[in-house]
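Written out below as structure tokens is the structure these notes cover.
Proteins get letters first, then strands, A, B, ... in listed order; numbering begins at 1 in each.
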Protein chains: 2
Amino acid sequence: MAEKTNKTSKVSLTDVARAAGVSKMTASRVLRGEGGYSEKTKTNVMAKVDALGYLPNRLATVFAGDQTSTFVGVSIPDLGNEVFAQVLEGIDRKLGAFGYQSVLGLTQHTLEAEEAWVRTVLSWQPAGLILTGRSHSARAQDMLRNAGIPVVEIWDLNSSPLDMSVGLNHFDCGYDMGRFLIGRGYRALGYVGTSHDTANAATARLDGFTKAVQDGGGHVRRQLCLHDTATFYPGYYGSEQLMSSGADVDCIFFQNDSMAFGGLQYFEQKGLSVPDDIGIAGWGDLPVASVLKRRLTSMHVPHLKLGQTAAEMMVARLSGEAVHATKSVKFHLIPGATVRPASD
Amino acid sequence: MAEKTNKTSKVSLTDVARAAGVSKMTASRVLRGEGGYSEKTKTNVMAKVDALGYLPNRLATVFAGDQTSTFVGVSIPDLGNEVFAQVLEGIDRKLGAFGYQSVLGLTQHTLEAEEAWVRTVLSWQPAGLILTGRSHSARAQDMLRNAGIPVVEIWDLNSSPLDMSVGLNHFDCGYDMGRFLIGRGYRALGYVGTSHDTANAATARLDGFTKAVQDGGGHVRRQLCLHDTATFYPGYYGSEQLMSSGADVDCIFFQNDSMAFGGLQYFEQKGLSVPDDIGIAGWGDLPVASVLKRRLTSMHVPHLKLGQTAAEMMVARLSGEAVHATKSVKFHLIPGATVRPASD
DNA sequence: AAGCGCAAAGTTACCGGTAACTCAAACGGT
DNA sequence: ACCGTTTGAGTTACCGGTAACTTTGCGCTT
């Protein structure tokens, strides 16, 4: 039977040193493998570390030196939207591989929640922050600038980031889709998405989409911005709302594939045929699209990769590299088969 | 134009005190609203706090006193599985409402990754930990016990938790489903899920399912455990694999609804009719099920609620309440219409 | 006018590590 | 044999707050 070591009170380096009959400093040196001690001392100290179940207090280390912590604050709007769950997974996996931990903040798409979270998380001396979106409250911006730590803004392409940025041009994304749908002969377009207080990426996509449709001689007849999460069911009832509003549209662009799938299901259940009766386009090339019989018209965006890239930039900067960049993430249109075929 | 305050070096309480012409202690008292200072002093100090853009260093506070931090470590297997994304959202939302922050750890279903994460996160003196699953490496268990902080194990119902626990009995869940399918006349069952090194909840469901099927005079003809994430596409190709293996099954139980939907799509594309040619059952009552024409046979589990409950237990304990419980989360079967109807 | 009580401060020590310095013993070259 | 160098330690001070104690000054009572 192993010795009982479950002391309730925490074991400190001083305890280890005392047990080993050496000074705190020597124990510290052994634990950091810094050298300057004999093999015998090392063995002795390590034995006591095991026996006492010593776990270092990293708070003290960070606090003492001018070293930073291994925390990286990561703000994400919500996890109900699969897009962001993927981005977060990409970030955390990569950060974890380099010994950093994500401190999560769900901002629910509001600047106030973000500001409150920034304030709190900064008080814990994080090594850096990764924020979704490029709009922040004035006070949040002040705090971020004064913090003196790396900040990566993701999601939106940001020409004048606070520090670093990885994202994509959502306006262009929307524009490409609009032009594509015009090219397929659609003129009476609809949009179904979710809206939030802040000007966000989805809004930029809608703007680009609207512009392209107008440039192509079409009209966005109706745009629906639900106060809900951008997932399946809002796509379903959003479609219902849009159709029952009497708007005569021939094609609908959804905020993402999950919503588009909700729409597909609505129309199938109403007995309308896609794409014969109505065209459907999504966004994001999400997992659900991978199993549909009819390839969903969408826009491929490497979400996981985007998160990983953000984490890599953060780690590189924290390792002392002079990263100072705005990285653009590529996207490409998936023609799919939920809109009418090219008419050449 | 406001005064420039973007000092790169951090502003400490000492700086504020010096600027205000008072002692550090007085400034500290003002900031904590502890009393023992004049109105004039308060105004003065607060003015300097604003002017200098002072942000407290919570590390120092925790480090100084014997107070704990406001970090709560949260381990989750992965976020690709929507089930866990929901649980995490429930946890973080509730924790955030009480001023705590989640420190995320994606364990990828391995005990080694969990152990490494536990070691790291404990060194940051978290207020508590919320862990998914009930199996942990021996060393992780030691560390958790010795840490002297609240630990909530979620997901699996745990009769002998390390500390607190919220979950459901996955064996019973599986058993209920098995009995239900037997009741609908199925005898040659199949299972499609994903497997991982550790005995996990999905395995427990499969065990319960198998038991019920045997008890009912049926057989689990084939069980497929893919090395993949429990999401749409693995459900699709898993179905394909299962069918092409020559196993003659009349109904398939999937690890969750996302996989079940992948299966539904496979069979639809193969021209097989559900439930006439084959029965399909999922698990979790996930969002995707909300838009299907034919109600998916599944098991409703309140994932978000489960996460919230775990967070509430944590907060209650941290507030000094003597919570020491194993809470069982209720689930209920959704008969649905993707299995053949009751034959009475 | 002395003394008491209280409000409004200031002082000191400490939390758990580490940087920077000091110190003693061993060792080795001339 | 002597002295410089290396090795293996110990000592001290400090990071940024806060608990606990001390001090100062003022109003008010008797």
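- For C:dG10, one of the phosphate oxygens OP1 or OP2 lies less than 4.0 angstrom from a side-chain nitrogen or oxygen of B:Thr26.
- Of the candidates D:dG16, C:dG17, D:dT11, the closest approach to any side-chain atom of B:Asn57 belongs to D:dG16.
- Taking atom CG of B:Leu13 as the reference point, atom C1' of C:dG10 lies 14 Å away to the nearest angstrom.
- Atom P of nucleotide C:dG16 and atom CG of A:Asp15 are separated by 8 Å, given to the nearest angstrom.
- The 5' end of DNA chain C is approached more closely, in terms of each residue's nearest nucleotide, by B:Val22 than by the other of B:Val22 and A:Leu55.
- Distance from the side chain of B:Thr61 is smallest to D:dT18 among D:dT18, D:dG10, C:dG17.
- Between A:Thr14 and C:dG17 there is no side-chain polar atom (N or O) within less than 4.0 angstrom of OP1 or OP2.
- A salt bridge does not link B:Glu321 with B:Arg317: none of the charged nitrogens is closer than 4.0 Å to a carboxylate oxygen.
- Put simply, CE on B:Met25 is 15 Å from P on D:dT22, counting in whole angstrom units.
- Of the listed nucleotides (C:dA9, D:dG16, D:dA9), D:dG16 has the atom at the smallest distance from the side chain of B:Phe63.
- Listed pair A:Tyr54 / C:dG16 fails the phosphate criterion, with no side-chain N or O lying under 4.0 Å from OP1 or OP2.
- Atom CG in B:Leu59 sits about 15 Å away from atom C1' in C:dT18, given to the nearest Å.
- Rounding to whole angstrom units, OH of residue A:Tyr37 and C1' of C:dT18 are separated by 15 Å.
- Residues B:Leu106 and B:Ile76 meet the side-chain proximity criterion, which asks for heavy atoms closer than 4.5 Å.
- In terms of position on DNA chain D, the residue among B:Ala60 and A:Lys42 whose nearest nucleotide sits closer to the 5' end is A:Lys42.
- An OP1 or OP2 oxygen of C:dA7 is reached within less than 4.0 angstrom by no side-chain nitrogen or oxygen of B:Ser38.
- At least one side-chain heavy atom of B:Ile154 sits less than 4.5 Å from a side-chain heavy atom of B:Ile130.
- Atom C1' of nucleotide D:dG16 and atom CZ of B:Arg32 are separated by 12 Å, given to the nearest angstrom.
- Looking at A:Gln101 and A:Leu95, their side chains never come closer than 4.5 Å, going by heavy atoms from C-beta outward.
- In the set C:dG17, D:dG16, D:dG10, D:dG16 carries the atom at the smallest distance from any side-chain atom of B:Ala64.
- One atom, CZ of B:Arg18, and another, C1' of D:dG16, lie 13 Å apart when rounded to the nearest Å.
- Closest contact between the side chain of B:Glu34 and the listed nucleotides D:dA19, D:dT18, D:dT11 involves D:dA19.
- Counting to the nearest Å, the P atom of D:dG16 and the CH2 atom of A:Trp124 are 16 Å from each other.
- Contact annotation: the side chain of B:His303 approaches that of B:Trp155 to within less than 4.5 Å [non-hydrogen atoms, C-beta and beyond].
- Comparing C:dG17, C:dA19, C:dG10 against the side chain of A:Ser12 picks out C:dG17 as the nearest.
- An end-to-end axis angle of 60° holds for the helix from C:dA1-D:dT30 to C:dT30-D:dA1, taken from five base pairs per end and rounded to 10°.
- Remark: A:Ser23 is not in phosphate contact with D:dA9, judged by side-chain N or O atoms under 4.0 Å from OP1 or OP2.
- Side-chain atoms of B:Leu111 and B:Ser135, non-hydrogen and from C-beta on, do get closer than 4.5 Å to each other.
- A:Trp124 pairs in a ring-ring contact (aromatic ring centres under 6.0 Å, His included) with only one of the listed residues (B:Trp124, B:Phe63, B:Tyr100, B:Phe71), which is B:Phe71.
- Heavy-atom contacts from other residues, nucleotides or ligands closer than 6.0 Å to CZ of B:Arg32 number more than 12.
- The side chain of B:Arg29 places no N or O atom within less than 4.0 Å of a non-bridging phosphate oxygen (OP1 or OP2) of C:dA9.
- Residue B:Lys24 places no side-chain atom within donor-acceptor reach of the base of C:dG10, judged by atom type and a 3.5 Å distance cut-off alone.
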